[in-house]
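Here's the structure, in C-alpha cells; my notes come after.
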Amino acid sequence: MSHFSQYKDTIQPGDLALAWVSRDNVKPFRIVPGESFNTRYGSFEHNAMIGKPYGSQIAVRTKGSNKFGFIHVLQATPELWTISLPHRTQIVYTPDSSYIIQRLQCTSRSRVIEAGTGSGSFSHAFSRTAGHLFSFEFHEVRYQQAKKEFEDHGLIADGNVTITHRDVCQDGFTIKPTDTTSYYEGSSAHPHVAVTLDADAVFLDLPAPWDAIPHLDEVIMKNAKVILCCFSPCIEQVDKTLEILEKHGWTDVETVEIQGRQYEARRQMVRKLDDALNRLRDVRERKQVGVERRKRMFTKLLNEEDTASEVRPPTEKTQFNPFGKGSRVKEGDTKFQWKEVTKVEAEIKSHTSYLTFASKIGKISRNEEEVLRELQK
Ligand code: SAM
C-alpha cells in the first residue's frame with residue numbers, strides 16, 4: 001500500500017514520516033525502532049514517536065540547558081513530499097498541481113500519462129488521485145532514482161504507477177515488451193506483453209511538448225474525452241504547442257497562468273486622528289525641551305561656567321506611538337482598538353509556467369444503430 005494514499009492514526013515502525021522542523025525545513029525519514037532523527041535542536045528517538053498519533057509534537061531537552069527542542073511528526077502526503085523531496089530538476093508545486101488535477105478531471109478511474117517524471121513531485125499527487133499513472137523519463141539516472149523512490153513509497157508493486165525509461169519525443173508512449181519499465185519488473189501477472197495505456201488525461205512537462213503531441217493518438221482513449229495539459233515556462237513554447245495542437249485535432253484550447261497568493265488574517269490597530277495630533281504635540285514639546293537645554297549649555301560654556309554639574313532632567317519614556325517608533329505592542333493587546341484585516345503575503349512558491357489545456361475526442365462519429373438499440377432497451 002502506498003505511504004501516500006492511506007490514512008493512518010498512529011506512527012508505526014516502517015512508516016515514511018515527515019518531520020516538521022520549521023516552516024521551511026521539512027524532512028522525510030523512515031521510522032525504525034532504536035534509531036534517532038537528528039537536528040541541530042536535538043536528537044529525537046524514534047521509540048518516543050512510535051504509537052503516538054500523527055501530528056504529535058516530540059520534544060527533547062537541549063543538552064546543557066533548560067530549553068527544549070521540538071519537531072512535529074506528520075504523515076506523508078504529496079503536498080508535504082513536494083516541499084521536502086530531493087530536487088533533481090525543477091518541480092511542479094502544489095498550487096499548480098492541484099489546479100491541473102482538477103482541470104484534467106482526474107479521478108480514481110483516470111488513466112494518466114505524465115512526461116517527464118523529473119523529481120517525481122507531480123507523480124506523487126497523480127498517484128494519490130488517479131486510477132493509474134504512466135510516467136516517462138528519458139534521463140537514465142533520473143529514471144532509476146525515481147523508480148527506486150516510487151518503489152520505496154509503495155507506488156509501484158502495490159500501487160498504481162508505471163515508470164518507463166523513454167524519450168517520448170522520439171519514440172512516443174507505447175509500452176512494448178522490450179522496454180525498460182517498472183511495469184515488467186513490478187508485475188509478474190503481466191509478463192512481457194504490450195501495455196494498453198488508454199489514457200484519458202495527459203500532462204507534459206517537457207522542453208519540446210510539440211514533438212511528443214503527435215505520438216499521443218496511439219495511446220489515448222478513442223471513445224472518451226481526453227484532456228491534456230502542457231506546462232511551459234516560455235510563451236514561445238506555448239506558441240509552438242498551440243500550432244501543433246490545432247494541427248492534430250485538439251480543441252477547447254486555453255492557456256492560463258497561476259499566480260499564487262497567500263491571504264493572511266490579521267488584526268490592525270485602529271489609528272485615530274487624535275492619536276496623530278497627540279503624537280505631533282509630544283514631538284514638538286520634546287524638541288522644544290532639547291533646544292532650550294542646548295541653549296543653556298552654550299551660554300554656560302561661553303561664560304566658562306561648569307556645565308558638567310547640570311543635571312539632565314529625566315525624560316518620560318515615550319508613550320506607544322501607533323504611527324511610528326515606540327514600545328512594542330502585541331497584536332490584539334486589549335488596551336488598544338483593533339480591526340480584522342487581510343494581509344497578502346508575497347507570491348507563494350510555485351514555478352510560474354504557462355498551462356495550456358486542450359481536449360480531444362478520438363471517435364467523433366457515432367454508431368447510430370447502436371445508439372438506437374440502446375434507446376429502445
Ligand atoms: N513534473 C516534474 C516534477 O514535478 O518533479 C518535473 C519535470 S522536469 C521539469 C522535466 C523532465 O523531463 C526532466 O527530468 C527531463 O529529463 C525530462 N524530459 C525532457 N525531455 C524528455 C523526453 N523527450 N522524454 C522523456 N523525458 C524527458
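One-based numbering, in listed order, for ligands and for the atoms of each. Atoms considered below: every heavy atom in the structure, side chains included; atoms not considered: hydrogens, waters and symmetry mates.
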Is it the side chain (CB and beyond), the backbone, both or neither of [X] that lies under 4.0 Å from ligand 1, heavy atoms counted?
| X | value |
| --- | --- |
| S121 | both |
| T89 | side chain |
| R166 | backbone |
| L206 | side chain |
| P207 | side chain |
| D211 | neither |

Nearest protein heavy atom to [atom], by residue and atom, and its distance?
| atom | result |
| --- | --- |
| atom 11 (C) of ligand 1 | E137 OE1, 3.7 Å |
| atom 1 (N) of ligand 1 | D205 OD2, 2.9 Å |
| atom 26 (N) of ligand 1 | F138 N, 3.2 Å |
| atom 12 (O) of ligand 1 | G116 CA, 3.5 Å |
| atom 4 (O) of ligand 1 | V92 N, 3.0 Å |
| atom 24 (N) of ligand 1 | V168 N, 3.1 Å |

Taking only heavy atoms of [X] into account, list the atoms of ligand 1 that are under 4.0 Å away from them.
| X | answer |
| --- | --- |
| G120 | 5 (O) |
| C169 | 23 (N) |
| S119 | 5 (O) |
| D167 | 22 (C), 23 (N), 24 (N) |
| H139 | 16 (O) |

Which word best sums up how the rings of [X] and [Y] line up, parallel for under 30°, tilted for 30 to 60°, or perpendicular for over 60°?
| X | Y | answer |
| --- | --- | --- |
| H124 | F150 | perpendicular |
| F173 | H215 | perpendicular |
| F336 | W338 | perpendicular |
| H153 | W81 | perpendicular |

Of the choices L85, T117, D96, which has the non-hydrogen atom that lies closest to atom 2 (C) of ligand 1?
-> T117

Nearest neighbour of atom 13 (C) of ligand 1 from the list R88, Q90, E114, R142, on a heavy-atom basis | R142

Atom [atom1] of [X] with >12 non-hydrogen neighbours under 6.0 angstrom:
| X | atom1 | result |
| --- | --- | --- |
| K8 | NZ | yes |
| E246 | CD | no |
| F70 | CZ | no |
| E45 | CD | no |
| E243 | CD | no |

Contact check: I91 vs ligand 1, nitrogen or oxygen atoms, below 3.5 angstrom = no

Does the pair R88/E137 count as a salt bridge with the N-to-O cut at 4.0 Å?
-> no

Do the side-chain N and O atoms of Q105 and K225 include a donor-acceptor pair separated by under 3.5 angstrom?
-> no

Any chance the side chains of Q144 and E140 put a donor and an acceptor closer than 3.5 Å?
-> yes

